[in-house]
Asks: 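Would you mind keeping the following structure in view while I ask a few things?
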2 protein chains.
Amino acid sequence: MRPTVHDVAHAAGVSLATVDRVINGREGVRASTVQRVEAVIRQLGFVRNQAAANLAKGRVYRIVFIIPEGANTFMRRLESEAREAGRQMAPDGIELCVVTAPAFDGQALADILNGLDPNEIGGVALVATEAPPVRQALARLHSANVPVVTLVSDAPSFQRHRYVGIDNVAAGRTAASLLGRFLRGVSGKIALVAGSMLVRDHVERRMGFDQVIRTEYPNLEALPVVEGRDDRPSTRRIVEECLDRDPDIVGLYNIGAGNLGLIEALSERPTERRPMVVAHELSVHTRAALESGLFHAIINQDAGHEVRSAIRTLRSLTDQRTLIEGQEHIRIEVYLRDNLP
Amino acid sequence: MRPTVHDVAHAAGVSLATVDRVINGREGVRASTVQRVEAVIRQLGFVRNQAAANLAKGRVYRIVFIIPEGANTFMRRLESEAREAGRQMAPDGIELCVVTAPAFDGQALADILNGLDPNEIGGVALVATEAPPVRQALARLHSANVPVVTLVSDAPSFQRHRYVGIDNVAAGRTAASLLGRFLRGVSGKIALVAGSMLVRDHVERRMGFDQVIRTEYPNLEALPVVEGRDDRPSTRRIVEECLDRDPDIVGLYNIGAGNLGLIEALSERPTERRPMVVAHELSVHTRAALESGLFHAIINQDAGHEVRSAIRTLRSLTDQRTLIEGQEHIRIEVYLRDNLP
DNA sequence: CTGAAAGCGCTTACAG
DNA sequence: CTGAAAGCGCTTACAG
């Protein structure tokens, strides 16, 4: 059997309460006692039983997820994954509360954050909007010692404990390398479609993309970004305009959402006049586009993984549980038709 | 506060013991009582506190990992990830026991399996060797109700509860699509290097690779597999021979291990005479090869993920915990220089 | 600075 | 078929 606090207390000649104080690094124990207890812990190889600790603390760990509203497939996926994780985590005393906030609305997001009672919650995960009211709301939570992680889209200058998501510059570079390689020996232009160049992730992806195309693929020229506002009809329209205007387009990188509009625009063109396409996020639609040959690669981030990583990260900031770094790294996943999950 | 067994017992007018019997589906409760208790559980929204249950059961959940010995980088990675996970899981009452077995030695593996006492262990994860003694050993564990998962390399016809690893046919297809795309407009041959065609994963990858090259890339011809026994000097030698013999080689797919030998063989050739290379498994060496342009893509499976997935899967077979399927899917990861973790 | 005792929410013999 | 009581390994007021 594994040694328990009783064994440690007995061997060190102290009470349970003192062992508890030492284990949890609480104040009010003479230094010599601390050392004695710690020696015994090492000697016996004591490891705290987390189940018992949680039980005794009788704490339910409440985590709030705040996710943007709207038709964005990825955000809806994130939301359903959060609810699913909430169900799975319930037996472990973790209570997830998932709320949605108007997209791109800093004030609305800040209002939600300001409505949270720091004593009631153990952590917050949010898709950040980089706006001043959000900065202030996060500062308040920070000073109340509420752990916060940003999800998917970071706000590096705001107070948060960690960013859980992909490196978007690297994602853009990856898109460029794929298109560059797939267009070996071909000269022409590449169309770039984004939702809005006001959003950090889109800007960062664009940056990474340009870095690689400019320095490594002189045969290709990236056109200025056209913005489709991440919605279906406008994306469709701007892609059509773009392809009609410029017959030299041999590749297309969709930096943001709006894949449905893109698929519609591409479908109506004759096969031989379709560009090589790299887009983001796996969904039923992009998967079908990949399988039919309309898209050539998808760059994806795993929404379920992000949710679970956020939960583990937040919990580790309250429990003294250590994380396995490798488990928390969010991969830039590359999918071809052949390695679809 | 969440309802507890006490609340359920009170509301249903039964004792704690009866509630416990119903929750855990144990025998010996009148059907009408079961229904009454279940109704209350639903009504109150009772969810069992897993921490308390584990504590009361006082059970440490012992899992045995059996991993092949030898210099194979991936297997060593798997071993260290298992030990790391063991450390992280200890507070949750999971005790990992990691042992190594001579590689490709069915009898040795079977001996280890036969030495396990079914009453002492909660589950087994092993890299399977498809040999008759292993089949028998797994049958014995199966009839003793010990959950077993195969790791990395499956033995589909043996008794195991699940395979935790990638789909190797799909991995081979992915390699083919990458090389096919990267070699657009180029005609020539592709060298295939494996460890041994007696191992299931290598055979399956080869099969997937051929499927795609034959049907979609008439400009490319896959040469017969040469076997490098997954070691450095022989892989180096056969790659050198192969490239010297055939100046038409424009691509190379390393199906197995032995990447160090491959890197040596490639390094000594002039840049313009090097083929496009796709290989398996990320390591310090393959990462460097990718960064320097010697390799063009790496297909990887995440050893840490596999280990943790095996643990969750085994535990779910004992606890009645349900898995999130998406979390247990092992991805066929594609890395270019730009999306390295 | 230290300790005795109660309690967290389950499960487990044991008794009936 | 059902229940009363003890116990799992921690933590928490409270007393000293």
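The sequence lines fix the lettering, A, B, ..., with proteins before strands; numbering per chain opens at 1. Everything quoted here is computed from the prediction, not taken from an experiment.
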Asks: Between the side chains of B/Arg77 and B/Ser283, is a donor N or O closer than 3.5 angstrom to an acceptor N or O?
Replies: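 The criterion, which ignores hydrogens and geometry beyond distance, is not satisfied for B/Ser283 and B/Arg77.
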
Asks: From CG of A/Asn49 over to P of C/dC10, roughly how many Å is that when rounded to an integer?
Replies: 16 Å

Asks: DNA chain D: B/Gly13 or B/Ala56, which has the more 5' nearest nucleotide?
Replies: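 It is B/Gly13 whose nearest nucleotide is closer to the 5' end.
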
Asks: Would A/Glu325 and A/Arg162 satisfy salt bridge (charged side-chain N to carboxylate O under 4.0 Å, His left out), going step by step from the backbone distance to the final call?
Replies: CA-CA 12 Å; A/Glu325 276 305 319; A/Arg162 187 173 182 134; 3.0 Å; yes

Asks: From the list C/dT12, C/dC8, C/dT2, which nucleotide is the closest neighbour of the side chain of B/Ala17?
Replies: C/dT12

Asks: Whole-Å distance between C/dG9 C1' and B/Ile41 CD1?
Replies: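 Taking atom C1' of C/dG9 as the reference, CD1 of B/Ile41 is at 14 Å.
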
Asks: What is the distance from NZ of A/Lys57 to C1' of C/dA6, rounded to the nearest Å?
Replies: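 It is 18 Å, rounded to the nearest whole Å.
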
Asks: So, under a plain 3.5 Å distance rule, would you say the side chain of A/Arg21 forms a donor-acceptor pair with the base of C/dG3?
Replies: yes

Asks: It should be established whether B/Thr33 places a side-chain nitrogen or oxygen under 4.0 Å from OP1 or OP2 of nucleotide D/dC1.
Replies: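 Result: no.
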
Asks: Testing the basics here: between B/Val37 and B/Val19, what is the closest heavy-atom pair and its distance to 0.1 Å?
Replies: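 Answer, listing the atom of B/Val37 first, then B/Val19: CG1-CA, 4.5 Å.
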
Asks: Ignoring backbone atoms, establish whether B/Thr4 has a side-chain N or O less than 4.0 Å from OP1 or OP2 of C/dG9.
Replies: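 Checking B/Thr4 against C/dG9: no side-chain N or O falls below 4.0 Å of OP1 or OP2.
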
Asks: On the nucleotide C/dG3, are OP1 or OP2 found under 4.0 Å from the side-chain N or O atoms that A/Thr18 carries?
Replies: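 A/Thr18 to C/dG3 OP1/OP2: side-chain N or O found under 4.0 Å.
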
Asks: Specify the separation, in whole Å, of atom CG of A/Leu16 and atom C1' of D/dA13.
Replies: 15 Å

Asks: Can you name the closest pair of heavy atoms from A/Leu151 and A/Glu306 and give their distance?
Replies: CD2-O, 3.9 Å

Asks: Please determine, for the side chain of B/Val14, which listed nucleotide (D/dG3, C/dC1, D/dC10) has the closest atom?
Replies: D/dG3

Asks: In whole Å, I'd like the distance from the CG atom of A/Asn54 to the P atom of D/dG9.
Replies: 16 Å

Asks: For D/dA15, give the paired nucleotide (Watson-Crick: N1-N3 plus N6-O4 or O6-N4; G-U: N1-O2 and O6-N3; both under 3.5 Å), or none.
Replies: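 C/dT2 - that is the nucleotide pairing with D/dA15, both distances being under 3.5 Å.
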
Asks: Is A/Arg312 salt-bridged to A/Glu328, cutoff N-O under 4.0 Å?
Replies: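 A/Glu328 and A/Arg312: salt-bridged.
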
Asks: Provide, to the nearest angstrom, the distance between the CG atom belonging to A/Asn24 and the P atom belonging to D/dT12.
Replies: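 Between P of D/dT12 and CG of A/Asn24: 8 Å.
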
Asks: Reckon A/Arg30 has a side-chain N or O less than 4.0 Å from the OP1 or OP2 of C/dT2?
Replies: yes

Asks: As a test of reading the structure: which of C/dA4, C/dC1, D/dC8 is closest to the side chain of B/Leu55, going by heavy atoms?
Replies: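 When the side chain of B/Leu55 is considered, D/dC8 is the closest of C/dA4, C/dC1, D/dC8.
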
Asks: Rounded to the nearest Å, what distance is computed from the NE2 atom of residue A/His6 to the P atom of nucleotide C/dA4?
Replies: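 About 11 Å, once rounded to whole Å.
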
Asks: Once you apply a heavy-atom cut-off of 4.0 Å, does B/Val29 come out as touching a base, just sugar-phosphate, or nothing?
Replies: sugar-phosphate

Asks: Whole angstroms only, please: what is the CZ-C1' distance between B/Arg26 and D/dG3?
Replies: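 Distance check: B/Arg26 CZ to D/dG3 C1' gives 15 Å.
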
